[in-house]
Amino acid sequence: MHIGIDMSPAVINKTAIHRIIFDTLVHLKSSHQSVKPRICGISLPYVAIKKRLLLSLVRRCLQFLFSHPFLLFVLLPIVRMPSLMTKYRTIYFDPLYTLFEARIDHSTVIVLDLTPITTPEFHHPNTCQLYRWAFARLLTSKCRFVAISQSTQQDLWVNFGIDPHFVTVIPLYAPLNGPIEKPIKPKDRGDDYLLVVSSQELRKNLKNTLLAYQEADLYRKGIKLKIVGGPGWGHGEIAALAQNIAGVELLGSLTDNQLRLLYIHCLGLVFVSFWEGFGLPYLEAMQFSKPILASITGAAPEVCGRRVYYADPHSVHEISEKMVRLSNIGSNEVSYMMESYKGILEKYSKSKYFEALEKVIDEISI
C-alpha cells in the first residue's frame with residue numbers, strides 16, 4: 001500500500017495541527033511499508049521535510065501563489081502533473097491543498113472547519129476564493145471526506161448537502177504531551193494570569209476577549225492575560241488593541257516546553273472563539289487540569305462537555321463575567337470540572353484517532 005501524507009499545512013504554519021501531521025507521518029511510517037511525505041502533490045524524501053532552507057523556500061512560494069489566486073488557477077494544470085506520476089492514497093489535512101492533487105479520487109480529505117466558506121469576513125478574500133475552488137473539485141470527486149467533529153460533519157451537510165453517512169468523524173487528540181511536572185491539583189493552580197492559546201486572527205474572537213478582560217478590570221486585581229499564537233488574518237487590529245490594554249501580553253509562537261510551562265502555571269484557559277471545528281486547546285488545558293472558559297458555538301460544547309464555563313462569543317459582557325468567575329474559581333469547582341476531564345481525554349485519545357484513520361485509509365481503493 002502506498003500512502004502519501006500532505007505536509008503543506010505544517011510548512012505554512014505551526015499550529016497544533018502541525019504536531020498531529022508529523023505524528024501521523026511517524027505512526028504510518030512505522031506501520032506501513034511505503035509512506036511518503038508530500039507537499040503540493042509532490043512526493044519528497046523524509047529527510048527533505050527536515051531541511052529548514054527547503055521548507056522556507058516552499059513556504060515563500062506557497063504564500064506568493066496564495067496571494068495571487070488567479071495566477072495559481074492558471075498554473076494548476078502544470079502543478080498537478082507530478083502527482084499523475086505517482087499512485088498514492090494521500091491524506092490531506094486541509095481541503096485547500098487538494099488543489100495541487102490530480103488523483104483526487106484516491107484521497108482522504110480531513111475537513112477542519114468551513115469558516116472560509118461560512119464566515120468569509122474572518123478570512124482574507126484570496127483564502128476564501130481558494131477554498132471555494134477546492135470544494136468545487138472535491139464535491140464532484142470520489143474522495144473520502146473526514147470531519148474532525150460532529151459539528152463539522154453537520155456543517156458539511158448544511159452547506160454542501162453531503163450526507164453525514166458519507167462523512168467519517170475522526171476526532172483529534174491533544175498532541176502536546178502532558179505536564180512536564182507532577183499532575184496539577186486544584187490547590188496548585190497559578191495565581192497571576194489567564195491563558196489564551198490561539199493564533200492572532202479575527203475568527204478566534206481575540207478582540208472581544210481583550211475588551212472583556214479590560215471590562216473585568218482584572219489587571220487591577222493583579223491578573224494578566226497572556227496570549228500564545230502566531231499572526232493570522234487581522235492580527236494588526238488585535239495587536240493595536242492589545243497595546244492599549246494594561247496587563248495583556250502577546251507572546252507569539254512558543255516552543256512546546258514554553259507552552260507547557262504556561263499551562264502549568266496559569267489560572268485557567270480562555271478560548272471563546274467565534275467558531276472552532278474542534279478546539280485542541282481545550283484538550284490541552286484538560287491535560288494540565290485547568291479550568292476552562294469556552295465558546296457556546298461550534299464544536300466546543302461537543303468537546304468540552306457540560307462542566308466547563310461557557311460564554312457567547314458575541315457578548316463582551318458575558319465573556320467578562322465568566323473571566324471574573326474563572327479567575328476566582330474555588331478548589332471544589334475546579335475538582336468538579338476535573339472529574340469530567342479523564343473521560344473526555346479517553347474519548348479523544350491518540351490511539352483512537354490512529355485506529356479510525358487507518359480504517360479509512362484501508363477503504364480507499366487505488
| Side chains of Thr168 and Arg144: do they bring a donor and an acceptor to under 3.5 Å? | yes
| query | Within 45° of the six-membered ring axis of Tyr193 and under 6.0 Å from that ring's centre, is NZ or CZ of Lys226 located there? | reply | yes
| message | Run Arg60 and Gln63 through side chain to side chain donor-acceptor pair (under 3.5 Å) and show every step you take. | response | CA-CA 5 Å; Arg60 290 176 182 272; Gln63 288 172 342; over 6 Å; no
| said: Would you say the ring centers of Trp133 and Phe70 fall short of 6.0 Å from each other? | reply: yes
| said: Before you tell me yes or no, could you show the steps for Val146 and Val167 under side chain to side chain contact (heavy atoms under 4.5 Å, CB included), namely the whole-Å CA-CA distance, both residues' side-chain angles and the distance that decides it to 0.1 Å? | reply: CA-CA 5 Å; Val146 169; Val167 179; over 6 Å; no
| Derivation of the side chain to side chain contact (heavy atoms under 4.5 Å, CB included) call for Thr90 and Thr108 | CA-CA 6 Å; Thr90 303; Thr108 298; over 6 Å; no
| Taking Gln153 for the side chain and Pro164 for the main chain, is one N or O donor matched with an acceptor at less than 3.5 Å? | yes
| said: Can you tell me if Tyr219 has over 12 outside heavy atoms packed within less than 6.0 Å of its OH? | reply: no
| message | Hydrophobic clustering (ILVMFWY, side-chain heavy atoms < 4.5 Å, transitive) - are Val196 and Leu202 grouped together? | response | no
| field | Shared hydrophobic cluster, Phe73 / Tyr131 (ILVMFWY, side-chain heavy atoms < 4.5 Å) | value | yes
| Looking at residues at least two apart in the chain, or sitting in another chain, which of them share a salt bridge (charged side-chain N to carboxylate O under 4.0 Å, His left out) with Glu237? | Lys207
| Out of curiosity, does Leu138 fall in the hydrophobic cluster containing Ile361 (side-chain heavy atoms, cut-off under 4.5 Å, transitive links)? | yes
| For the student: nearest non-hydrogen atoms of Asn208 and Pro313, plus distance | ND2-O, 3.0 Å
| message | side chain to side chain contact (heavy atoms under 4.5 Å, CB included) for Thr152 and Leu112? Distances and angles first, verdict last. | response | CA-CA 7 Å; Thr152 302; Leu112 306 179; over 6 Å; no
| Leu218 vs Ser327 side-chain heavy atoms within contact, under 4.5 Å | yes
| said: Which heavy atom of Ser273 sits nearest to which heavy atom of Ser295, and what is that distance? | reply: O-OG, 2.9 Å
| task | Could you walk me through whether Arg19 and Glu284 pass salt bridge (charged side-chain N to carboxylate O under 4.0 Å, His left out), step by step? | result | CA-CA 13 Å; Arg19 304 186 195 98; Glu284 292 175 346; 3.5 Å; yes
| Within the 6.0 Å centroid threshold, strictly below: Phe135 and Phe160 | yes
| query | Does a salt bridge link Arg38 with Glu101, judged by any charged N lying under 4.0 Å from a carboxylate O? | reply | yes
| message | Given 3.5 Å as the limit, does a donor-acceptor pair link the side chain of Tyr341 with the main chain of Lys290, or not? | response | yes
| query | Nearest 0.5 Å, what's the CG-CG distance between Leu261 and Asn257? | reply | 6.5 Å
| field | Between CD1 on residue Ile5 and CG on residue Leu28, distance to nearest 0.5 Å | value | 4.5 Å
| Is Leu269 close to Pro281 at the side-chain level, that is, under 4.5 Å between some pair of heavy atoms? | yes
| request: Spell out, as yes or no, whether a donor-acceptor pair under 3.5 Å connects the side chain of Ser141 to the backbone of Asp105. | output: no
| Any ion pair linking Lys322 and Glu215 (charged N to carboxylate O, less than 4.0 Å)? | no
| query | Mind checking whether Leu206 and Phe122 sit in one hydrophobic cluster, side chains of I, L, V, M, F, W, Y counted as touching below 4.5 Å? | reply | no
| said: Nearest 0.5 angstrom please: Ser199 OG to Trp233 CH2, how far? | reply: 14.0 Å
| message | Is the shortest side-chain heavy-atom distance between Val248 and Lys224 below 4.5 Å? | response | no
Listing, residues 300-312 side-chain donor-acceptor contacts under 3.5 Å, not counting sequence neighbours, or none:
from   : atom 1 : to     : atom 2 : distance (Å)
Glu302 : OE1    : Gln150 : N      : 3.3
Glu302 : OE1    : Ser151 : N      : 3.0
Glu302 : OE2    : Gln150 : N      : 2.9
Arg307 : NH1    : Tyr336 : O      : 3.0
Arg307 : NH1    : Glu339 : OE1    : 2.8
Tyr309 : OH     : Glu333 : OE1    : 3.0
Tyr309 : OH     : Glu333 : OE2    : 2.7
Tyr310 : OH     : Gly305 : O      : 2.4
Asp312 : OD1    : His314 : N      : 2.9

| request: Determine whether Ile227 and Tyr213 make a side-chain contact, defined as any pair of heavy atoms from C-beta on separated by less than 4.5 Å. | output: no
| Step-by-step salt bridge (charged side-chain N to carboxylate O under 4.0 Å, His left out) determination, Asp23 to Lys350 | CA-CA 9 Å; Asp23 281 354; Lys350 190 174 184 178; 3.8 Å; yes
| message | Can you tell whether the side chains of Glu276 and Arg203 come within less than 4.0 Å, N to carboxylate O? | response | yes
| message | Do Arg132 and Cys128 have side chains that approach each other closer than 4.5 Å (heavy atoms only, starting at C-beta)? | response | yes
| message | Run the side chain to side chain contact (heavy atoms under 4.5 Å, CB included) test on Val109 and Phe93 for me, step by step, so that the C-alpha distance in whole Å, both residues' side-chain angles and the decisive distance to 0.1 Å come before the verdict. | response | CA-CA 6 Å; Val109 182; Phe93 286 86; over 6 Å; no
| message | To the closest 0.5 Å, what do you measure between CG (Asn328) and CD1 (Ile223)? | response | 6.5 Å
| said: If you define the side chain from C-beta out and look only at heavy atoms, does anything of Lys342 sit under 4.5 Å from Met286? | reply: no
| Are side-chain heavy atoms of Val111 and Ile148 found at a separation under 4.5 Å? | no
| Taking the six-membered ring for Trp, are the ring centroids of Tyr353 and Tyr173 within less than 6.0 Å of each other? | yes
| request: With the side chain counted from C-beta on, respond yes when Leu225 and Glu249 share a heavy-atom pair under 4.5 Å apart, and no when they do not. | output: no
| field | Exercise: identify the closest heavy-atom pair between Gly252 and Val228 | value | O-CG1, 3.5 Å
| At their closest point, which heavy atom of Gly279 faces which heavy atom of Phe271, and how far apart are they? | CA-CE2, 4.3 Å
| Residue pair Ile292 / Leu326: nearest heavy atoms and the distance that separates them | N-CD1, 3.9 Å
| query | Is Leu211 reachable from Phe274 through a run of I, L, V, M, F, W or Y residues, each pair having side-chain heavy atoms under 4.5 Å apart? | reply | no
| note | In short, Asn244 meets Gln214 closest at the heavy-atom pair O-NE2, 4.2 Å
| Approximate separation, where rounding is to 0.5 Å, of Ile110 CD1 and Leu172 CG | 7.5 Å
| Under 3.5 Å: donor-acceptor pair, side chain of Ser320, backbone of Val316 | no
Only pairs under 3.5 Å count here: list side-chain donor-acceptor contacts from residues 114-121, not counting sequence neighbours, and write none if there are none.
from   : atom 1 : to     : atom 2 : distance (Å)
Thr115 : OG1    : Asp113 : OD1    : 2.6
Thr115 : OG1    : His123 : NE2    : 2.9
Thr118 : OG1    : Leu114 : O      : 3.0
Thr119 : OG1    : Thr115 : O      : 3.1

| Say you draw a straight line from OH of Tyr92 to CZ of Phe100; how long is it, rounded to the nearest 0.5 Å? | 9.5 Å
